There are 2 protein chains.
Amino acid sequence: MPSPSKRELIVDEALKLFYRHGFHATGVDAIIARAGVSKKTLYSHFRTKDELILATLRKRDELFRNKLMRATERRASEPRDRLLAVFDFLADWFHEKDFNGCMFINAAAEFAEQDNPSHMLSAEHKRLVADYLCEQAELAGARDPVALSHELNLLMEGAIVYAHVMGDKRSAERARDMARMFIDRQFD
Amino acid sequence: MPSPSKRELIVDEALKLFYRHGFHATGVDAIIARAGVSKKTLYSHFRTKDELILATLRKRDELFRNKLMRATERRASEPRDRLLAVFDFLADWFHEKDFNGCMFINAAAEFAEQDNPSHMLSAEHKRLVADYLCEQAELAGARDPVALSHELNLLMEGAIVYAHVMGDKRSAERARDMARMFIDRQFD
DNA sequence: CTCTATGTATACCGATCTGTTTACCTTGGA
DNA sequence: TCCAAGGTAAACAGATCGGTATACATAGAG
């Protein structure tokens, strides 16, 4: 049976390359070269490149949401404060040297059809982030947690686009200021 | 000298294909086939595919901003109302059958480096849209037109991402409701 | 020691990519 | 009528694509 560490190695390198250069622009040859693995090994773990892309997106989803949850829970202990702390997490993320936007927005751009598996997985990721926000909003005792989570999520997406397309990293602070209005409105 | 109508034909077909399938995934062979033009003709008008991509993005920018301005000015005569009408334009756009997100967000996803010409052109497009919003905010007599235009623009980007990645077309209405708060705040 | 599993390295497949070249056609103007 | 401009169709070049196959190395278990 295939060694799990090889598989992980491949996914990790694919993650970096897909995120930096895009999915279509990254060939499997580049991935195996960086992973130090033969092509046969790659195709023993993944039937096609598309399957590798899906595995990569799943790992990215797991890593990203863990990072988001850890960061916000480290910054703030009260759920209501965590709703704001999400935007501090964004600010840090935007300033990472290899920031290249949201990988799932990028994936949806390259796999435009709504029924494409990679596109669907991207939508699922966004839904899971919104679920986390909703959960925190509930814990905070917001009047309408669902509506609030959608508002905050929409602000996050806007900030990410601003930061990536226009290179304006202050968008995290702007979105944070905007978010405060919607949070406060839930607790008057 | 090359006939202008041929060039236009090529750009128009490239626009459709790039928007629908992405830039890397669309080959020049598909473009010339759809345009009914020989490869030599394409390369007499554009030195490389990248140059064609840039010309395509320039045309998209022109078409999109004209459509945005016409639609908002048709819907509302007062500048302050136009700021809200932008989100009605978004709603209509999201419901077009060939809606595939914002072509410039998609371009920035495929050409991730900030100094890539296509990425820079995408940033410029976003800046020009923000300029239009700022102009309308000024005409409306907003207290801080620059800040308001950034807020509205960020809401627009968020709504677009929501609509494309998650397929949630109601995001235009949600963003509109959110926008009202920031607009009203400028005129108390 | 030997067999088997797992891996590497590499050649190869057919398709497709961007871009060039060749040969031929059509059309308008002097 | 003839010529040049601008076009088409198609072959071609060289690289790269995703994916397969072959040959060989290595290491652990019996």
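Letters A, B, ... mirror the listed sequences (proteins, then strands); counts begin at 1. The shown structure was predicted, so the numbers you read here are calculated from the model rather than taken from an experiment.
The nearest whole Å value for the distance from the CZ atom in B:R34 to the P atom in D:dT8 is 17 Å. Rounded to an integer number of Å, the gap from B:I31 CD1 to C:dT16 P is 16 Å. Rounded to whole Å, atom C1' of C:dT18 lies 17 Å from atom CZ of B:F23. Note: NZ (A:K40) to P (D:dA25) measures 15 Å, nearest angstrom. With rounding to whole Å, B:H45 atom NE2 is found 10 Å from D:dG7 atom C1'. In this structure, B:E51 places its CD atom 13 Å from C1' of C:dG19, rounding to the nearest Å. C:dC17 atom P lies 8 Å from atom NZ of B:K49, rounded to whole Å. Spacing between atom CG of B:L52 and atom C1' of C:dT18 amounts to 12 Å, rounded to whole angstrom units.
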Practice task
Please assess B:Y19 against B:D98 for the test side chain to side chain donor-acceptor pair (under 3.5 Å), listing each intermediate value before the final yes or no.
Solution key: CA-CA 9 Å; B:Y19 183 56; B:D98 60 348; over 6 Å; no
Practice task
Before giving the answer on side chain to side chain contact (heavy atoms under 4.5 Å, CB included), spell out for B:R65 and B:H125 the whole-Å C-alpha distance, their side-chain angles and the decisive distance to 0.1 Å.
Solution key: CA-CA 9 Å; B:R65 284 190 299 115; B:H125 165 80; 4.0 Å; yes
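Side-chain proximity of A:T41 to the nucleotides C:dT18, C:dG7, D:dG7 is greatest for C:dG7. Of the candidate nucleotides C:dG19, C:dG7, D:dG18, D:dG18 has the atom lying nearest to any side-chain atom of A:V28. For B:Y43, whose side chain is taken as the heavy atoms from C-beta onward, the closest listed nucleotide among C:dT8, C:dT20, D:dG7 is C:dT20.
Residues A:F94 and A:F87 keep their aromatic ring centres 6.0 Å or farther apart. For B:F182 and A:F182, the ring centers are positioned less than 6.0 Å apart.
B:D29 comes within 4.0 angstrom of a base, heavy atoms only.
Between the side chain of B:K39 and the base of C:dG19 there is at least one donor-acceptor pair of N/O atoms closer than 3.5 Å.
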